[in-house]
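Okay, structure first, notes after.
Residue numbers start from 1 in every chain, and the chains themselves are labelled A, B, ... in the order their sequence lines are given, proteins ahead of strands. Computed from a predicted structure; not experimentally measured.
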2 protein chains.
Amino acid sequence: MHWAISRRAQQLTSSAIREILKVTERPEVISFAGGLPSPATFPVAAMEQAVARVFADNPQGAMQYAATEGYLPLREFVARRHNVDVERVLITTGSQQALDLLAKVLIDPGSPVLVETPSYLGALQAFSLFEPEFVSVPGDDKSLLPEALTPELTANARFLYALPNFQNPTGRRMPLERRQALVARAKELGVLLVEDDPYGELSYTGDQLPSLLSMNPDGVIYMGSFSKVLAPGLRLGYVIAPPELHFKLCQAKQASDLHTPSFTQRLAYETIRDGLLDTHIPTIRQLYGSQCQAMLDSLQRHMPAGVTWNRPEGGMFIWMELPEGLDSMAILEQAVKRNVAYVPGAPFYASNPRRNTLRLAFVTVAPDRIEQGVAILGELFREAIAAHAPGAKAA
Amino acid sequence: MHWAISRRAQQLTSSAIREILKVTERPEVISFAGGLPSPATFPVAAMEQAVARVFADNPQGAMQYAATEGYLPLREFVARRHNVDVERVLITTGSQQALDLLAKVLIDPGSPVLVETPSYLGALQAFSLFEPEFVSVPGDDKSLLPEALTPELTANARFLYALPNFQNPTGRRMPLERRQALVARAKELGVLLVEDDPYGELSYTGDQLPSLLSMNPDGVIYMGSFSKVLAPGLRLGYVIAPPELHFKLCQAKQASDLHTPSFTQRLAYETIRDGLLDTHIPTIRQLYGSQCQAMLDSLQRHMPAGVTWNRPEGGMFIWMELPEGLDSMAILEQAVKRNVAYVPGAPFYASNPRRNTLRLAFVTVAPDRIEQGVAILGELFREAIAAHAPGAKAA
């Protein structure tokens with residue numbers, strides 16, 4: 001039996017990184033590779049009470065087919081939180097699904113899609129299935145550069161996909177002035193903005209910058225998630241879109257999975273309805289802030305000269321640069337042999353990957369293991385730098 | 001702000017039927033339009049106990065990101081039930097998602113896709129987004145006709161999509177000899193079969209016919225669902241596929257929603273692990289069988305000459321034919337005014353819709369309301385037949 005695979009599916013190739021990282025599930029491996037939130041932050045007791053309420057209130061309702069748009073009280077909760085009309089809110093099966101729906105509704109083969117340099121790998125993958133032509137927008141250690149958006153660069157772009165808060169993979173946050181400049185420039189050029197914001201509430205100090213959505217609700221599609229503030233295993237996200245696009249996204253969702261599970265939507269709503277997030281999110285911020293500090297301290301102690309990294313103000317990731325010419329992918333193989341893992345930076349670039357970059361996740365590893373793992377990475381990078389130095393081969 | 005909608009999304013049009021049927025949510029409407037299972041069949045008490053076990057065992061695990069393939073014990077359960085290798089099983093967010101993933105992996109724009117006449121509307125919608133060229137396979141009141149599969153008809157077809165058991169919308173079941181002939185013919189012609197089987201266990205007498213999968217595991221993709229035997233609000237389905245296709249489906253799923261919620265998968269597994277389905281499914285069969293009989297009895301009493309319908313051996317639907325020339329869509333507007341609803345048959349045809357057909361769902365309506373609703377439909381059809389008769393206009 002032979003079958004023809006679609007052109008879009010043919011380009012889904014097995015990832016070399018994924019193969020290497022499979023071994024990181026072994027308990028002896030100190031993994032800075034995961035993108036998982038800390039299970040210590042899941043409000044299990046509150047959820048257990050919430051489930052009891054779902055069963056007490058209307059279990060049949062929670063188990064029946066339901067509206068594609070999502071559970072109305074949960075949509076209203078989201079609408080209040082973002083100060084938008086509830087008619088713009090669609091609940092999705094994780095925010096990954098929002099990426100898939102956006103691609104379905106907005107991308108034709110060959111359509112230009114603007115992305116940050118680097119950008120979120122899961123988004124590049126979701127969009128890729130619909131065969132856009134990615135256009136990388138230049139950036140620096142703070143964010144993309146709004147002034148880089150020219151009529152030439154943005155011509156016919158279906159949208160610009162941006163993660164302004166504690167971006168995956170870099171952890172960087174876009175400053176206020178740049179947000180204002182980006183929104184103004186996008187409006188001027190007629191570019192639809194897609195704002196992906198799973199980490200927005202995870203600022204360590206609690207200070208939050210205004211969303212792009214709040215600056216231009218009719219020109220921004222906003223994607224939110226309960227994965228980082230509640231629990232990812234529920235697969236609950238949402239997308240806020242102008243009415244015409246909301247309607248198209250609902251139609252696409254209906255064809256994709258009819259609706260997000262009624263049960264998990266009610267479970268989430270019952271968990272957060274009485275203000276849990278207001279007390280719960282600060283505990284996540286505190287934990288992640290101290291985890292980040294632990295890694296920054298370890299990096300300071302162990303990294304050789306020539307290696308640089310940023311100091312995130314929130315979120316789950318640190319972005320590192322090795323000296324030009326080093327390949328973090330090649331070094332990963334050595335690291336895994338020594339039971340430490342990270343994610344090489346190259347796959348996060350839609351074009352011209354910078355192979356000397358890498359992403360470090362720190363929220364699920366205990367500080368003593370962070371210290372241990374970073375010490376090993378420091379040694380490896382030191383060796384790699386020495387081996388790469390001029391004349392090293394002769395030594 | 002203007003935006004370009006993708007070509008595939010432009011063809012997502014608002015359904016006239018959906019607009020008419022919106023009113024059927026009013027409690028005074030007797031709706032034979034829904035495709036919902038009866039909430040009386042949801043094993044709520046067992047699920048409540050199952051949730052307690054999930055929280056007692058490993059709540060963090062149930063709340064964390066998880067493998068794209070699905071929760072291993074649930075996959076193993078499915079594999080045992082269908083006598084296949086667990087490596088072929090992928091858990092999906094309802095079987096609607098399986099349709100989306102199949103389309104992603106197998107359909108290019110313009111690819112021929114073979115479908116039954118008529119076929120499941122949700123599948124036509126999911127596939128349509130990927131712009132296949134539908135080819136309708138002729139059938140009769142039993143099923144599609146295997147002998148209709150010629151090299152000409154099936155040339156370059158990506159797959160043949162079939163619902164052998166109690167098909168939505170017709171309720172028909174493919175006889176054993178036709179299954180054998182279909183599998184043999186598909187093998188000979190190199191046509192991949194997609195077997196969609198949400199209703200397979202809902203035979204009223206409990207007799208089951210062998211699946212196409214069991215006849216040729218390497219030439220059939222099988223789609224199953226927990227929506228009709230457990231509860232649709234969990235959005236749990238699965239797809240069993242030959243290894244190479246399984247792998248592609250997993251990649252497509254990762255881009256679509258990463259994985260199906262861990263929590264609902266564990267909830268389902270804990271509900272069914274100790275054999276609940278063996279005692280539970282017979283209660284659904286019994287209920288649906290007696291509901292079907294109630295509707296058949298009412299139809300017998302109230303339908304005028306010229307109206308015909310089938311006698312399903314299982315599932316949730318009866319298929320009806322009005323005399324040639326009548327339009328069930330036009331009559332639906334009258335019916336809704338009199339507080340009765342059904343689904344016109346035309347949208348279930350990929351081509352050449354037969355406008356004198358309609359689908360009646362009977363599992364959620366109490367027998368006295370079935371009687372009442374069918375009596376009204378009988379009157380309406382009688383009037384329509386009279387109005388349509390030669391010379392009627394002059395009368």
Side-chain angles (χ1 to χ4, degrees), chain A residues 1-9 12 36 39 42 44 47-48 51 55 59-60 62-66 93-94 96-97 100 104-108 111 122 125-126 128-130 158 187 190 192 218-219 231-235 242 245 248 251-252 254-264 267, chain B residues 1-9 12 36 39 42 44 47-48 51 55 59-60 62-66 93-94 96-97 100 104-108 111 122 125-126 128-130 158 187 190 192 218-219 231-235 242 245 248 251-252 254-264 267:
Chain A
M1 187 77 208
H2 290 279
W3 36 72
I5 301 289
S6 66
R7 201 178 64 178
R8 83 181 69 77
L12 289 167
L36 280 62
F42 304 160
V44 170
M47 287 174 163
E48 199 166 359
V51 167
F55 276 104
Q60 268 84 9
M63 294 298 172
Q64 186 57 286
Y65 283 118
T93 309
Q96 185 70 30
Q97 185 184 46
D100 180 63
K104 277 186 175 136
V105 166
L106 291 168
I107 301 177
D108 281 310
S111 306
Q125 287 173 336
S128 282
L129 270 175
F130 297 88
R158 293 302 171 94
K187 205 169 178 176
L192 179 65
D218 286 332
L234 298 173
R235 309 303 306 121
L245 287 171
K248 283 284 169 199
Q251 289 181 316
Q254 193 180 31
S256 302
D257 69 355
L258 296 183
H259 63 84
T260 293
S262 327
F263 188 78
T264 50
L267 163 48
Chain B
M1 186 77 208
H2 290 279
W3 37 72
I5 301 290
S6 67
R7 200 177 65 178
R8 83 182 68 76
L12 290 167
L36 280 61
F42 304 159
V44 170
M47 287 175 164
E48 197 165 0
V51 167
F55 276 104
Q60 268 84 8
M63 294 297 171
Q64 187 55 287
Y65 283 119
T93 308
Q96 185 70 31
Q97 186 185 45
D100 179 63
K104 277 186 176 136
V105 166
L106 292 168
I107 300 177
D108 281 310
S111 306
Q125 286 173 336
S128 282
L129 269 175
F130 298 88
R158 293 302 170 95
K187 205 169 179 174
L192 179 64
D218 288 331
L234 297 173
R235 309 302 307 120
L245 286 172
K248 283 284 167 199
Q251 289 181 316
Q254 195 182 28
S256 302
D257 68 356
L258 295 182
H259 63 84
T260 293
S262 327
F263 188 78
T264 50
L267 162 48

Practice prompt. Answer yes or no: is there a side-chain heavy-atom contact under 4.5 Å between B:R8 and A:F130?
Written response: yes
Worksheet item: Taking C-beta and beyond as the side chain, do A:P261 and B:L234 meet within less than 4.5 Å on heavy atoms?
Response: no
Side chain, backbone, both or neither of [X] within contact of chain A (heavy atoms, under 4.5 Å):
| X | result |
| --- | --- |
| B:A4 | both |
| B:L129 | side chain |
| B:S128 | neither |
| B:V44 | both |

Response to the item:
Most contact-rich option vs chain B, by heavy-atom pairs under 4.5 angstrom, among A:L36, A:D218, A:L192, A:L267, is A:L36
Discussion item. If you count heavy-atom pairs within less than 4.5 Å of chain B, which of A:P232, A:A255, A:A62, A:A231 leads?
Written reply: A:P232
Pick from [options] with the largest number of heavy-atom pairs that fall under 4.5 Å of chain A:
| options | value |
| --- | --- |
| B:Q60, B:M47, B:Q64 | B:Q64 |
| B:T264, B:T260, B:L258 | B:L258 |
| B:R7, B:Q97, B:K104 | B:K104 |

Discussion item. Could you tell me if A:D257 and B:T93 have a donor-acceptor pair between their side chains, going purely by distance under 3.5 Å?
Written reply: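 There is no such pair between these side chains.
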Between [X] and [Y], which heavy-atom pair has the shortest distance, and what is it?
| X | Y | answer |
| --- | --- | --- |
| A:I5 | A:A9 | CG2-CB, 3.5 Å |
| B:A252 | A:L12 | N-CD1, 4.0 Å |
| B:S256 | A:D100 | O-CB, 3.9 Å |

Worksheet entry | Listed partners of B:E48 passing side-chain contact (heavy atoms from CB on, under 4.5 Å), at least two apart |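 Once residues adjacent in sequence are excluded, the partners of B:E48 under the side-chain contact (heavy atoms from CB on, under 4.5 Å) criterion are A:F55.
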Practice prompt. Please list, chain by chain and in numerical order, all residues satisfying side chain to side chain donor-acceptor pair (under 3.5 Å) with A:Q254, sequence neighbours excluded.
Written response: B:R18
Worksheet item: So which part of A:R158 gets closer than 4.5 Å to some heavy atom of chain B, the side chain, the backbone, both or neither?
Response: side chain
Worksheet item: Contact part of A:V51 toward chain B, heavy-atom cut-off under 4.5 Å: side chain, backbone, both or neither?
Response: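 For A:V51, the contact with chain B is made by the side chain alone.
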